[in-house]
Amino acid sequence: MDLSLIALFLGLGMLAALATGIWVAVALFGVALIAMMFLVSAPAGPVLATTVWGAANSWDLTALPMFIWMGEILFRSRLSEDMFAGLSPWMRNLPGRLLHVNILGCGIFAAVSGSSAATTATIGKMSLPELKQRGYDERMAIGTLAGSGTLGLLIPPSIILIVYGAATEQSIARLFMAGVIPGAMLCVLFMGYVAIWATLNASKMPGKEPQIPFWDRVKATRRLFPVIALIAGVIGSIYAGLAAPTEAAAIGVVLSLLLSWGSGTLTKKSFTDALMGATRTSCMIAFILAGAAFLTVAMGFTGIPRELAGWIGSLGLSPLQLLAALTVFFIVLGCFLDGISVVVLTTSVILPMVEQAGLDLIWFGIYLVLVVEMSQITPPVGFNLFVLQGMTGHNIFKVARMALPFFLLMILAVVLIVIFPELALWLPQNMMSH
């Protein structure tokens with residue numbers, strides 16, 4: 001049978017399996033097993049066993065449950081309250097005032113959690129009631145939170161960057177460093193938009209609040225010191241070459257436990273809940289990665305990725321045209337799947353094309369995460385939209401409209417890293433030079 005027909009049947013089979021609502025990992029294993037049993041001569045059983053073992057037996061993946069546990073511990077601490085109290089006095093003089101706390105708060109929490117949904121939920125629980133009480137425009141309050149919550153996917157330690165690094169055998173430390181500048185750039189873009197909007201819509205902003213004396217603002221900033229120490233301990237140890245991501249993750253867990261204990265939020269129940277939450281999430285991701293690894297091997301035996309890469313090459317697409325096509329593809333796919341599933345489902349097929357186009361795989365990882373970030377705020381399966389729908393009671397499509405300006409800013413960010421790839425590559429290259 002022609003390989004294009006085989007690819008079509010397998011793709012439709014995958015979509016049909018996902019449409020039934022079964023676990024993504026089960027769908028991956030099922031399609032791969034069918035391909036191995038009916039389309040190739042290699043024994044399916046031994047290939048399945050060795051592939052799953054190889055996918056699970058990865059030292060780099062050890063960082064995954066540790067970073068997830070760290071985020072779960074901090075999710076149950078008073079970190080969001082401390083960040084709001086420490087940041088808000090300094091934001092009062094900026095156009096947009098406390099709306100910027102959403103953006104900076106999400107950026108800071110993203111640097112210690114690695115999860116988009118956790119970032120949105122943690123900051124939203126604190127900021128949305130506060131902003132509503134002070135009379136801020138609801139559309140902007142929810143929109144800034146929806147957009148900024150996606151920073152959890154990009155700013156290290158990012159769970160999805162660990163998954164991408166494990167799937168493509170790229171350095172997780174370099175991927176972490178590559179995400180820093182694009183993450184900061186997104187924060188600046190979001191804050192710039194908020195400042196412009198607030199200037200043009202002064203009537204929708206609440207009245208000015210009383211000025212806080214300078215030394216009172218300095219005193220409030222002390223509440224940020226613990227989280228800054230945590231970020232420095234985790235990211236600083238990687239950048240300085242003192243620790244690999246796995247060791248840095250262990251440092252992060254210890255520091256987050258100490259931070260939670262110091263704030264009085266570490267109890268037997270919070271410790272157990274955090275541990276069980278991290279276990280469930282880690283097992284889910286590991287199961288998906290194992291299924292994706294088996295599907296990758298099965299596709300390799302069928303020869304579909306090689307043929308697809310050759311077909312794409314025969315079209316004579318420039319790297320820019322390829323990226324434009326992939327951007328549309330990932331945005332559409334992200335409307336129906338979560339970010340991790342998008343990465344593991346597409347890696348085996350997309351990478352041969354990317355390598356043939358001469359694109360740097362570290363840079364492509366940041367590009368991919370930026371595009372996948374958009375899927376967090378696109379209906380019908382945008383996780384950040386689900387979180388905010390539960391918190392605000394608004395229809396998911398209404399929340400998506402509120403987040404639309406930030407979706408467009410993410411497209412601008414993708415354009416910028418395509419035009420200026422050094423935004424993603426300068427820091428890892430500088431790190432490696434040391």
Side-chain angles (χ1 to χ4, degrees), residues 10-11 14 18 23-29 31-32 35 47-48 50-68 114-116 152-154 156-179 244-246 249 281-302 304-306 308-309 326 329-330 333-334 337-357 359-373 375 424 428:
L10 291 177
M14 175 68 72
L18 292 172
W23 291 352
V24 172
V26 174
L28 291 169
F29 274 112
V31 171
V47 172
L48 170 62
T50 54
T51 303
V52 171
W53 171 254
N57 187 28
S58 170
W59 175 248
D60 286 340
L61 281 179
T62 312
L64 187 66
M66 301 296 282
F67 278 127
I68 293 172
S115 165
S116 176
L153 293 181
L154 183 59
S158 163
I159 304 303
I160 202 167
L161 282 178
I162 297 175
V163 171
Y164 174 82
T168 60
E169 299 182 352
Q170 296 299 306
S171 165
I172 292 172
R174 294 191 72 199
L175 285 167
F176 277 5
M177 291 303 106
T246 303
T281 304
S282 301
C283 289
M284 179 268 290
I285 295 174
F287 195 21
I288 290 176
L289 282 173
F294 186 39
L295 182 63
T296 299
V297 171
M299 292 300 99
F301 275 113
T302 64
I304 289 173
R306 183 178 61 254
L308 185 58
L326 287 178
F329 169 71
F330 284 127
L333 198 61
L337 292 172
D338 66 280
I340 289 174
S341 298
V342 170
V343 171
V344 297
L345 274 171
T346 58
T347 298
S348 60
V349 178
I350 297 298
L351 279 192
M353 306 181 211
V354 172
E355 290 176 318
Q356 190 172 24
L359 299 173
D360 186 281
L361 291 185
I362 295 291
W363 176 89
F364 184 76
I366 302 305
Y367 155 82
L368 179 57
V369 171
L370 268 173
V371 178
V372 167
E373 274 189 341
S375 70

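Values reported hereafter were calculated over all heavy atoms of this structure, with side chains retained and with hydrogens, waters and symmetry mates removed.
Residues satisfying the side chain to side chain contact (heavy atoms under 4.5 Å, CB included) criterion with A27, sequence neighbours excluded, are M14, A17, L18, I22. A search for side chain to side chain contact (heavy atoms under 4.5 Å, CB included) contacts involving S282 returns P65, I68, not counting sequence neighbours. Legend: residues meeting ring pair (Phe, Tyr, Trp, His ring centres under 6.0 Å) with Y367, ordered by chain and number and at least two apart, are W363, F364. Y164 pairs by the side-chain hydrogen bond (donor to acceptor under 3.5 Å, both in side chains) definition with nothing, not counting sequence neighbours. By the side chain to side chain contact (heavy atoms under 4.5 Å, CB included) test, A167 is found to be paired with T347, residues two or more places apart in sequence or in another chain being considered. By the side chain to side chain contact (heavy atoms under 4.5 Å, CB included) test, L48 pairs with F29, V52, F294, sequence neighbours left out.
A distance of 12.0 Å separates CD1 of I350 from CD of E355, quoted to the nearest 0.5 Å. One distance of note links CZ of R174 with CG of D360; it measures 6.5 Å at 0.5 Å rounding. Between the CD atom in Q170 and the CG atom in L161 there is a gap of 11.5 Å [rounded to 0.5 Å]. Interatomic distance, CD1 of I162 versus CE of M66, reported as 11.0 Å (0.5 Å rounding).
Heavy-atom minimum distance, T51 versus V47: OG1-O, 2.6 Å. When all heavy atoms of A298 and A35 are compared, the closest pair comes out as CB-CB, 4.3 Å. Annotation for P156 and F176: closest pair CG-O, 3.1 Å, computed over non-hydrogen atoms.
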L154 and I160: CA distance, side-chain angles, deciding distance, side-chain contact (heavy atoms from CB on, under 4.5 Å) verdict: CA-CA 8 Å; L154 183 59; I160 202 167; over 6 Å; no
side-chain contact (heavy atoms from CB on, under 4.5 Å) between L175 and I362, worked out: CA-CA 6 Å; L175 285 167; I362 295 291; 3.9 Å; yes
